[in-house]
Structures are given as structure tokens and as C-alpha cells.
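Below you'll find the structure, written out as C-alpha cells, and then a few comments.
Heads up: numbering here begins at 1 and tracks the sequence.
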Amino acid sequence: WIASGAKDDSDEGGEPKNDVPKSIVLGDPPPGVQPINAVDMTQDGARVAAGRANVVQVYDVDSGLEIVSLGGHKDLIQSVRYSPNGTFLAAGSYQIVTLWTAPTGTLLKSLAGHGGPVLSLAVAPDGVTAYSGGQDKTIRVWNLADGKLLRTLIGPVPVTAVAIVPGGESLLSGG
């Protein structure tokens, strides 16, 4: 095969190859899959959010009671982050960052653009700019007021952590 020029004959007589990527449709995780992959707490320590399977559960710290359960994600929640003032909560799952009001859980918007799971989130001190790091080796910079993608930074490895330096002048990433 190599001596004859290593010609790929796997499609002989068939249809030409289609290089257009196919979209992936995810179903709900099986009932027994309930891992907690992400947690965050409001700065005042009053509420905790936990990404359990494909749902974000928000708890009151003093009573321990669940305040709201935020569903609608088609894959495991990989990251959660409160805004600095605690007025909204961001959750990252497969290709999507979802923004909810806190603690009521009204859906504000979904930010789509990652090519895989959203593994990390950070919200700037201004509460208007957010950063999402993904398995697709990108950090996406979002304007939360209108949901627009401002910038995409491409790295050498999946971005498993993002953090904003106090004061908001620098962003750290890890992968």
C-alpha cells in the first residue's frame, strides 16, 4: 500500500467525503449521574451554588435549604461563578455559559461559542465583563450587558481555571 503511493481507497465508488462538522445533540445524563463538579459562594457568604449533574442548586447558607434549582443544561455543569455583587450567577456546561438572576433564578441569557465544555468562569469586578475558559483551549471574553462576545484568546491547552487579579487589571489562566 505504501509502495503504491499510500492512496486512500476507502471511498472508492462512494460519495465524496463531507468535511462539514456534524452537530452533537446531547441528552440528559443518566439518573445515577449526580457529581458536583463546581461550587461558588456569594462574597457575603449568604448563598452557595453547586453544579450537580446538569442542574445548578442554590442554597441558603444559614438554613441549609435549597432556594432554587436551575435546570435546562444538556450536560454536566463544569463551572459556576457569582457576580461580585451576587446579583447573577453564571454556569458553564457543554459549549454554553448560562446567566441567571440570583437568587430567584430567572434566565437572563445564554452565551454560546465554545467548542466543548466550559471548564472555568470569572466575572470582572465591574460585573459587566466575564471570562470563560474551555476544553477547546480558548478564553472567551463576554459583555454581559448585551451577551456579545468581545474577544477570543487561544492557548496551547484546555483552560481549566481563570481568575481575575484583585483590582481587575489582569487575568490569570491555568490548564
Side-chain angles (χ1 to χ4, degrees), residues 35-64 66-175:
I36 295 177
N37 291 330
V39 295
D40 196 24
M41 178 180 271
T42 55
Q43 286 186 358
D44 63 5
R47 289 183 296 281
V48 170
R52 181 187 301 268
N54 64 338
V55 174
V56 178
Q57 295 169 306
V58 179
Y59 296 91
D60 176 76
V61 170
D62 289 336
S63 70
E66 183 179 305
I67 298 170
V68 67
S69 182
L70 310 172
H73 296 90
K74 290 295 182 185
D75 195 25
L76 300 176
I77 302 297
Q78 300 291 331
S79 51
V80 292
R81 185 69 60 217
Y82 276 104
S83 61
N85 63 6
T87 59
F88 71 84
L89 177 65
S93 63
Y94 186 74
Q95 298 181 333
I96 303 287
V97 175
T98 307
L99 299 176
W100 308 88
T101 59
T104 59
T106 302
L107 178 64
L108 295 173
K109 53 184 68 89
S110 292
L111 310 173
H114 279 280
V118 179
L119 303 174
S120 54
L121 293 166
V123 180
D126 65 10
V128 177
T129 307
Y131 304 86
S132 57
Q135 188 173 355
D136 61 359
K137 303 179 184 178
T138 66
I139 297 172
R140 300 196 184 249
V141 183
W142 304 94
N143 179 325
L144 298 179
D146 60 13
K148 301 252 176 170
L149 179 64
L150 300 175
R151 188 171 183 189
T152 301
L153 307 168
I154 301 172
V157 296
V159 182
T160 57
V162 289
I164 299 170
V165 173
E169 292 115 23
S170 298
L171 177 72
L172 304 173
S173 67

Practice item. Check whether any side-chain heavy atom of L171 lies under 4.5 Å from a side-chain heavy atom of V162, and answer yes or no. Key: yes
Exercise for review: Ignoring hydrogens and angles, tell me if any N or O in the side chain of T138 forms a donor-acceptor pair with the backbone of T152 under 3.5 Å.
Suggested key: no
Practice item. With sequence neighbours excluded, give me every side chain to side chain donor-acceptor pair (under 3.5 Å) pair touching residues 141-150. Key: S132-W142
Practice item. Would you give the length of the straight line joining atom CG of N37 to atom CZ of R52, rounded to the nearest 0.5 angstrom? Key: 11.0 Å
Practice item. Over all heavy atoms of both residues, which pair between A91 and V56 is shortest? Give the atoms and the distance, please. Key: CB-CG2, 3.7 Å
Check your understanding: Could you give the distance from NZ (K137) to CD1 (I154), rounded to the nearest 0.5 Å?
Key -> 10.5 Å
Practice item. Could you walk me through whether M41 and V61 pass the side-chain contact (heavy atoms from CB on, under 4.5 Å) test, one step at a time? Key: CA-CA 9 Å; M41 178 180 271; V61 170; 4.1 Å; yes
Exercise for review: First locate atom OG1 of T129, then atom CG of L144, and finally report the distance between them rounded to the nearest 0.5 Å.
Suggested key: 7.0 Å
Practice item. Using modelled atom types only, decide if a donor and an acceptor are shared between the side chain of D40 and the backbone of A49 within a distance under 3.5 Å. Key: no
Exercise for review: Please round to the nearest 0.5 Å and tell me the distance separating atom OG of S110 and atom NE2 of H73.
Suggested key: 7.0 Å
**Study point:** All side-chain contact (heavy atoms from CB on, under 4.5 Å) counterparts of V55, not counting sequence neighbours
**Key:** Q57, S69
Exercise for review: Please answer whether the main-chain N or O of H114 pairs with a side-chain N or O of D136 as donor and acceptor at a distance below 3.5 Å.
Suggested key: no
Study note, to complete from the structure: Heavy atoms of T87 and S83 approach each other most closely as N-OG, 3.1 Å
Practice item. Starting from the C-alpha separation in whole Å, work towards a yes-or-no answer on side-chain contact (heavy atoms from CB on, under 4.5 Å) for F88 and T101. Key: CA-CA 4 Å; F88 71 84; T101 59; 5.6 Å; no
Review point. Of the options V123, L89, V48, which is the one that meets Y82 in a side chain to side chain contact (heavy atoms under 4.5 Å, CB included)?
Key: L89
Point to revise | CG-CZ distance between L153 and R140, expressed to the nearest 0.5 angstrom | key: 10.0 Å
Revision key, fill the gap. Nearest heavy-atom approach of S173 to V159 is CB-CG1, 4.2 Å
Revision key, fill the gap. Heavy atoms of I139 and Y131 approach each other most closely as CG2-CB, 4.3 Å
**Study point:** Exam field: side chain K74 to backbone S93, donor-acceptor pair closer than 3.5 Å
**Key:** no
Point to revise | Side-chain touch V118/Q78, heavy atoms, less than 4.5 angstrom | key: no
Practice item. Taking S170 for its side chain and V165 for its backbone only, find out whether a donor-acceptor pair lies under 3.5 Å. Key: no
Practice item. Show the numbers, then the answer: is there a side-chain contact (heavy atoms from CB on, under 4.5 Å) between L70 and L107? Key: CA-CA 9 Å; L70 310 172; L107 178 64; over 6 Å; no
Check your understanding: Pairs in or reaching into residues 159-173: which pass salt bridge (Lys or Arg N to Asp or Glu O under 4.0 Å), with residues at least two apart or in two chains?
Key -> none
Study note, to complete from the structure: For V128 and D126 the tightest heavy-atom approach is N-OD1, 2.8 Å
Exercise for review: Give the minimum heavy-atom separation between P84 and P125, together with the two atoms involved.
Suggested key: CG-CA, 3.8 Å
